[in-house]
Amino acid sequence: MTQTARPALDEKALEGKTSLDIAEIQRILPHRYPFLLIDRVVEVTRKQRIVAIKNVSANEPFFAGHFPGFPIMPGVLIVEAMAQAGGHCCSPR
């Protein structure tokens, strides 16, 4: 089962928050697993600065071929994670 619509965003509940969990991030960004590359927002100053975390484990599917014996998160996924964080930071909420 896939979810196509985002849950309603309660702007007042998020107003003034400096950290967000995964449920709050999913209310803002349309991405879902496996393409949601932000697990937590630790610090945010809207339209200025954001600190986000992606928990990466050794069993991530991209590690199987990138590179065997020396796993590295692909640069394009790192850039996508930064773009998602930037999208959250600049979201109109």
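What you are looking at is a predicted structure, and each value in this text was computed from that prediction instead of being measured.
Each of Ile72 and Val79 belongs to its own hydrophobic cluster when Ile, Leu, Val, Met, Phe, Trp and Tyr are linked at side-chain heavy-atom distances under 4.5 angstrom. Residues Leu37 and Phe35 are members of separate hydrophobic clusters, defined by side-chain heavy-atom contacts under 4.5 angstrom among Ile, Leu, Val, Met, Phe, Trp and Tyr. If you chain together hydrophobic residues whose side chains sit under 4.5 Å apart, Phe62 and Ile78 fall into the same group. Hydrophobic cluster membership is shared by Val76 and Val56, with clusters built from Ile, Leu, Val, Met, Phe, Trp and Tyr side chains linked at under 4.5 angstrom. Linking Ile, Leu, Val, Met, Phe, Trp and Tyr residues whenever their side-chain heavy atoms come within less than 4.5 Å places Ile22 and Ile38 in a single cluster.
Residue Cys89 is tested with Val41, Ile50, Thr45 for a side chain to side chain contact (heavy atoms under 4.5 Å, CB included); the sole match is Ile50.
Contact detail for Gln26 and Arg32: the closest heavy-atom pair is O-NH2, 3.0 Å. The minimum heavy-atom distance linking Leu29 with His88 is given by the pair CD2-N, 4.1 Å. In terms of heavy-atom proximity, Ala58 sits nearest to Phe63 at O-CD1, 3.8 Å. Summarising the geometry of Asn55 relative to Asp39, their closest heavy-atom pair is N-OD2, 2.7 Å, with the distance given to 0.1 Å.
Taking the side chain as every heavy atom from C-beta outward, Val51 and Arg49 approach each other to under 4.5 Å. The shortest side-chain heavy-atom distance between His66 and Glu60 does not fall under the 4.5 Å cut-off.
Between the side chain of Arg46 and the backbone N or O of Ser91, at least one donor-acceptor pair lies under 3.5 Å. No side-chain donor-acceptor contact under 3.5 Å links Gln84 to the backbone of Ala81.
A distance of 12.5 Å separates NZ in Lys54 from CZ in Arg40, rounded to the nearest 0.5 Å.
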